[in-house]
Asks: 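Below is the structure I would like to discuss, written out as structure tokens.
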Protein chains: 2
Amino acid sequence: MARAGLTTERLIRAGAELADEVGFEHVTISALARRFGVKVASLYSHVKSSHDLKTGIALLALEELADRVADALAGRAGRDALAAFAAAYRDYAREHPGRYAAARFRLDPEAAAASAGGRHAQMTRAILRGYDIAEPDQTHAVRMLGSVFHGYVDLEMSGGFSHTAVDPDESWSWIVDSLDTLLRDRTTP
Amino acid sequence: MARAGLTTERLIRAGAELADEVGFEHVTISALARRFGVKVASLYSHVKSSHDLKTGIALLALEELADRVADALAGRAGRDALAAFAAAYRDYAREHPGRYAAARFRLDPEAAAASAGGRHAQMTRAILRGYDIAEPDQTHAVRMLGSVFHGYVDLEMSGGFSHTAVDPDESWSWIVDSLDTLLRDRTTP
DNA sequence: GCGATTTGCCTATATGTATTAGGCAATTAC
DNA sequence: GTAATTGCCTAATACATATAGGCAAATCGC
């Protein structure tokens, strides 16, 4: 029998694609096995469990998202950086809804430590360098930015904004603009 | 054999309690049947499916949350109303994490129409009456408030803020304060 | 090249959840 | 008290997770 050439890497990549197609919550070992045309048990040589697979997809998504954000931030500061960060974040979620959901998968401590979570935190703090905000306000601001961006994307993806005619793109711009003003006013000299 | 006295109402209430104990994603027909000491099939006389049960819990949570927010907003305006709204929202999520997660369950259109979703939207708009913000800015502001509050609660619940020593309560106050200032500055006379 | 070892995917099996069909007993209606 | 109803049951199907052990293909050692 010809071998399918399964590897942990390939399974996680295919799992990420599957997540974007059918939703992260519907990514199963069974569906992945069907996709590769192999039996379910065969996957267990490459991933320890369903949870392990999901963790792998989550780590991949966090990495990809961090790469995009890093790219977006390169050479920008202040309002520009804020807008680029916001755009990178929202675009990723819209292009890869399943991966984005995966990035929000609750990781156990070891996985979290090995994740790109630290890069994300660093980059959010980097944005604030353009605004002169000292601790502990800086941490408050980091949390606020994370909350707005994540919250907006989450509500938008779950259809929360579809009951009003107002263009979500315009709301997004308005919000980024407002946050810029807010951070500027919060400067601690 | 003695009857257990199952009703749709009781199942949904027990499901909500179960959600708070083990997480909304672990609420299953099986677990609920165990809790009542009956066989799994017995529940199907009262709920159509697992999805139906989850929808019921989601509707319950939305209703409860709307009640709390309505209570908190009564007799308040401006900054007071904003702070009360924020507190009601966050407190509910912390006291009832499973129900809160349920409130974010994607409802199908019919269920959404019958839900307290409309009340939530109305109440968020009511807060903005204290700030004189005209359309379409009002919708932008509604979306921003929803995003920040939901995003913050979601990140806090998933442990996103546990890597820094800064007290989440203080960040929350700082954010509410910032939003108040922001909305005040955005007045459209 | 060719035997030996490793590795990859298989079959078989056990467990848990969701769901439907149909049965019998407890409750309620008259 | 009999009859209709309702509530919970057993039984059966389908699908997902997970483990154990087998056989053949790829790879290693020479």
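Convention: sequence-line order gives letters A, B, ...; per-chain numbering from 1.
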Asks: How many Å lie between NE2 on B:H51 and C1' on C:dT17, as a whole number?
Replies: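 Rounded to the whole Å, the gap is 17 Å.
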Asks: Given side chains that start at C-beta, do those of B:H150 and A:S158 come closer than 4.5 Å, heavy atoms only?
Replies: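 The answer is no; the side chains never approach within 4.5 Å.
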Asks: Between C:dG8 and A:R10, is there an OP1 or OP2 to side-chain N/O distance shorter than 4.0 Å?
Replies: no
Asks: In whole Å, I'd like the distance from the CG atom of A:L43 to the C1' atom of C:dT7.
Replies: 16 Å
Asks: Rounded to whole angstrom units, what separation is found between the NE2 atom of B:H46 and the C1' atom of D:dT6?
Replies: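 These atoms are roughly 9 Å apart.
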Asks: For the pair made of CG in A:L53 and P in D:dT17, what is the distance, rounded to whole Å?
Replies: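 After rounding, the reported distance stands at 9 Å.
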Asks: The side chain of A:S42 is closest to which nucleotide in this list: C:dC10, D:dC9, C:dA18?
Replies: C:dC10
Asks: May I ask you to evaluate whether B:S45 reaches the phosphate of D:dT6, defined as a side-chain N or O under 4.0 Å from OP1 or OP2?
Replies: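 So the side-chain polar atoms of B:S45 never come under 4.0 Å of the phosphate oxygens OP1 or OP2 of D:dT6.
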Asks: I'd like to know whether the aromatic ring centres of A:F85 and A:H120 sit less than 6.0 Å apart in this structure.
Replies: no
Asks: Name the closest nucleotide to the A:R34 side chain, picking from D:dA16, D:dA18, C:dA21.
Replies: D:dA16
Asks: Does a side-chain N or O of A:S50 approach OP1 or OP2 of D:dT17 to a distance below 4.0 Å, or not?
Replies: yes
Asks: So, A:E135 side chain and A:T139 main chain: donor-acceptor pair closer than 3.5 Å or not?
Replies: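 Yes.
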Asks: Just compare C:dA18, D:dT19, D:dC9 and give me whichever is closest to any side-chain atom of B:S30.
Replies: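 Side chain of B:S30 sits closest to C:dA18.
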Asks: Between B:E25 (CD) and C:dA18 (P), how many Å, whole number?
Replies: 13 Å
Asks: Over how many whole Å does the gap from B:Y44 atom OH to D:dT13 atom P extend?
Replies: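 Computing the B:Y44:OH to D:dT13:P distance gives 17 Å.
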Asks: Do side-chain atoms of B:D108 reach the backbone of B:E110 as a donor and acceptor pair under 3.5 angstrom?
Replies: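 Flag not set: sc B:D108 to bb B:E110 has no pair under 3.5 Å.
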Asks: May I have the distance from B:L6 (atom CG) to D:dC8 (atom P), rounded to whole angstrom?
Replies: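 For the pair B:L6 CG and D:dC8 P, the rounded distance is 4 Å.
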Asks: Just wondering, do A:R68 and A:E95 contact through their side chains at under 4.5 Å, heavy atoms?
Replies: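 Result yes, sub-4.5 Å side-chain heavy-atom pair found.
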Asks: Nearest whole angstrom, please: distance from the P of C:dG16 to the CD1 of A:I29.
Replies: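 Distance check: A:I29 CD1 to C:dG16 P gives 18 Å.
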Asks: In terms of side-chain heavy atoms of B:T28, which of C:dA18, D:dC8, C:dT11 is nearest?
Replies: C:dA18
